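To start, the structure itself, in structure tokens.
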Amino acid sequence: MSITQQIKVAAQSAIFSLYQKTIAVDDILINETKPEFEGDFTLVTFSFTKLIGKKPDDIAQELGVELLKNDSLFSSFNVIKGFLNLSIQVSVYHEFLNNTWQNVQFGNHAHNGKKVMVEYSSPNTNKPLHFGHLRNIFLGYAMCELLKATGHEVIKANLINDRGIHICKSMIAWQLFANGATPESIGIKGDHLVGDYYVMFNDVFKSQVEDIINTKGITKEEAEKEASILLQAQEMLRKWEAGDADTMALWKRMNDWVYEGFYKSYARMGVDFDKMYYESSTYLLGRDIVLKGLEKGVLFKKEDGSVWIDLTDEGLDQKLLLRGDGTSVYMTQDIGTATLKYADFKMDSSVYVIGDEQNYHMQVLKLILQKLGEPCADGIYHLSYGMVELPTGRMKSREGTVVDADDMMDEMIAIAQKNTEELGKVDGFNEAELLKLYQTLGLGALKFYLLRVDPKKKMIFNPQESIDFHGFTAPFVQFTHARITSILSKAGEIGEANTPNYTLTSVEKNCLKLLEIYPSVLLQAAKEYNPAMVSNYVYQVAKEYNSFLVDHSILKADSEAAKHVRLKLSQLTKQVIAHGLKLLGIDSPDRM
RNA sequence: GGUCUCGUAGCUCAGUUGGAUAGAGCAACAGCCUUCUAAGCUGUAGGUCUUUGGUUCGAAUCCAAACGGGAUCACCA
């Protein structure tokens, strides 16, 4: 049980024995005592005044006396303006340290029997990944790791959007202009090659539209419908849906190029998936469920034969689920995929890592599934994140105004190399170790940068001001880890020793207090689907430790007891940093 | 226009179910490497928490309105 939890329980029973009133443990507020006051934790008494019928100061005073009877937990107290400041027995900290410093599982929670699927990445196969996708991927991966650490069984899923008009656009442009170029023949990654032709399609399309406007004098909207390259793409989509052999072969060939490129990128990012879903094999699903819903009267049909759901009671609109000709729309397909996922895994909940532009869509999806009585419905959670924007506005693959994911990773690794070489601290590294280090630092900085912000907030990234390696960054935290590793290796075996009489300094105590809450930080972060809480926490731990280190000698400590406690504290800090960073997909180097 | 969302230091962000004098990093300025890794540490400066009203012992936090950004409201995906 955590220290704050112990305090709450003690306070609850103290209140009962003093006033014969029962207060829920969760209604007792425990804060860390502000540094300007004496004490470790503060109990706020204002909320009890009504129930107990006394002044805050009196309650705090009486409660303090009562709590102090439990002398294994508390050592002293003081009362200031209704705040009861409690000091904790040093033995509590020693006990915590002794119990955890060798526990590599510290932070992990026992299995809770819950199974959860997290769908993330979910790329389109017509263009390479860009910076915005990185936020999705890192967020999804971190969320999976966080859920695992807090006791869930996790299925990492990826739904690949591998069909549709956008794919045909790349295909037709390649067919028209590539002269048979392949990733091998011109030596670029397959996803980039395909993406280049997607951009080319749009360039050609634009100029065709302009030509038509100039020659025929019609509106832009009309001209867009006449552009020959778009007509060709649409024709290709029809052929694809009809299963035309040549079209399917080209589609498969180009998609394979893209997959090869994606897998390379995923491998470098260090992310993986347990289950791939392909839209080409799920896009027809959902129709039967919709028809069943029609029979049940949950849905209704309009005169033209189209099928709708009426969500006006929920304050939303009517939503189309089947066109007049009986074909599916995007929503239909998502209904089908949701039920397919559930049929495959019977998970308790299903997390969708998708940008906030789809908030409405996801809200509607969940509502429809609930109305249809599908068992997967209630478990759906949309982990919505804000877009990554450039100072010039949103990134658009179509217009080529993106920061490419592969380029970004290359650049970060190059910066890591440059910084490392300038610092000149890598004597004795061989070539392979150096490459590994640059990758660990560069990708770490990138991941941390994207994961340190609350997911639901949009973020602006300025490529000109490249990502920093100082301050609130992964390299800073990684540096702390490397420092500790170095100290510990010089210290040798820590061994067993009893140090109950060692008086902790205030900085040491702060470090321990911070480390002690790690498991509850993870629980909170998982509950709120917010890996940024882990980033912030890990940074705090590193910061606090560095402050400690600068004025506490470890190897040359004043006493053996001090040395012993500080080594254990260092070991535990190292573990928590490595564990926390790992949840974010970031490695911790032993040297840097 | 409807719905949702955001507004905290020059910039990027924290701020745990309402709690004491609102915190970090970057940028700026001033210091600290004969001693465990200076990718570090310490200090200075920087704030009407967009505004107004409300709820109460107490509001950056909850409610309402206004202002300002963003998203969305397709027989596109």
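What you are looking at is a predicted structure, and each value in this text was computed from that prediction instead of being measured. Basis for what follows: all heavy atoms, side chains included, without hydrogens, waters or symmetry-related copies. Chain letters run A, B, ... following the sequence lines, proteins first and then strands; every chain starts at 1.
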B:rA20 base / A:Asn85 side chain donor-acceptor hit below 3.5 Å | yes
Dump the pairs, protein N or O against N or O of nucleotides 71-77 of chain B, anything under 3.5 Å, distances to one decimal.
residue	atom	partner	partner atom	Å
B:rC73	O2'	A:Asp317	OD2	2.7
B:rC75	N4	A:Asp304	OD2	2.4
B:rC76	OP2	A:Arg323	NE	3.1
B:rC76	OP2	A:Arg323	NH2	2.8
B:rA77	O3'	A:Glu279	OE2	2.9
B:rA77	O2'	A:Asn161	ND2	2.9

Ignoring hydrogens and geometry, is there a side-chain-to-backbone donor-acceptor pair from A:Asp57 to A:Gly82 under 3.5 Å?
-> yes
Indicate, yes or no, whether a donor-acceptor pair under 3.5 Å links the base of B:rA39 to the side chain of A:Thr480.
-> no
Stem ranges of RNA chain B by first residue number, counting only runs of at least 3 Watson-Crick or G-U pairs under 3.5 Å, come to B:1-7 with B:67-73, B:10-13 with B:23-26, B:28-32 with B:40-44, B:50-54 with B:62-66
Which residues share a ring pair (Phe, Tyr, Trp, His ring centres under 6.0 Å) with A:Tyr330, sequence neighbours left out | A:His361
Quick one: closest heavy-atom pair of A:Leu583 and A:Leu146, and the distance?
-> CD1-CD1, 4.1 Å
Residues in ring pair (Phe, Tyr, Trp, His ring centres under 6.0 Å) contact with A:His166, at least two apart in sequence or another chain = none
Step by step, would you call A:Phe476 with A:Phe448 a ring-ring contact (aromatic ring centres under 6.0 Å, His included)?
-> CA-CA 11 Å; A:Phe476 167 79; A:Phe448 199 89; 9.2 Å; no
Considering only side-chain heavy atoms of A:Lys490, which listed nucleotide, B:rG69, B:rU37, B:rA20, is closest?
-> B:rU37
Choosing from B:rG19, B:rC36, B:rG70, which nucleotide comes nearest the side chain of A:Ile554?
-> B:rC36
Once base and sugar-phosphate atoms are separated, protein heavy atoms under 4.0 Å mark nucleotides 24-35 of chain B, 5' to 3', with B, S and - as SSS--------S
Please answer whether the main-chain N or O of A:Ser122 pairs with a side-chain N or O of A:Asn158 as donor and acceptor at a distance below 3.5 Å.
-> yes
Between CG of A:Asp558 and C1' of B:rC36 the distance, given in whole Å, is 14 Å
Donor-acceptor pair, side chain of A:Ser306 and main chain of A:Lys302, under 3.5 angstrom = no
Using atom names, set out every protein N or O paired with an N or O of nucleotides 54-63 of chain B below 3.5 Å, distance rounded to 0.1 Å.
none

What nucleotide among B:rC41, B:rA14, B:rA39 has an atom nearest to a side-chain atom of A:Asp454?
-> B:rA14
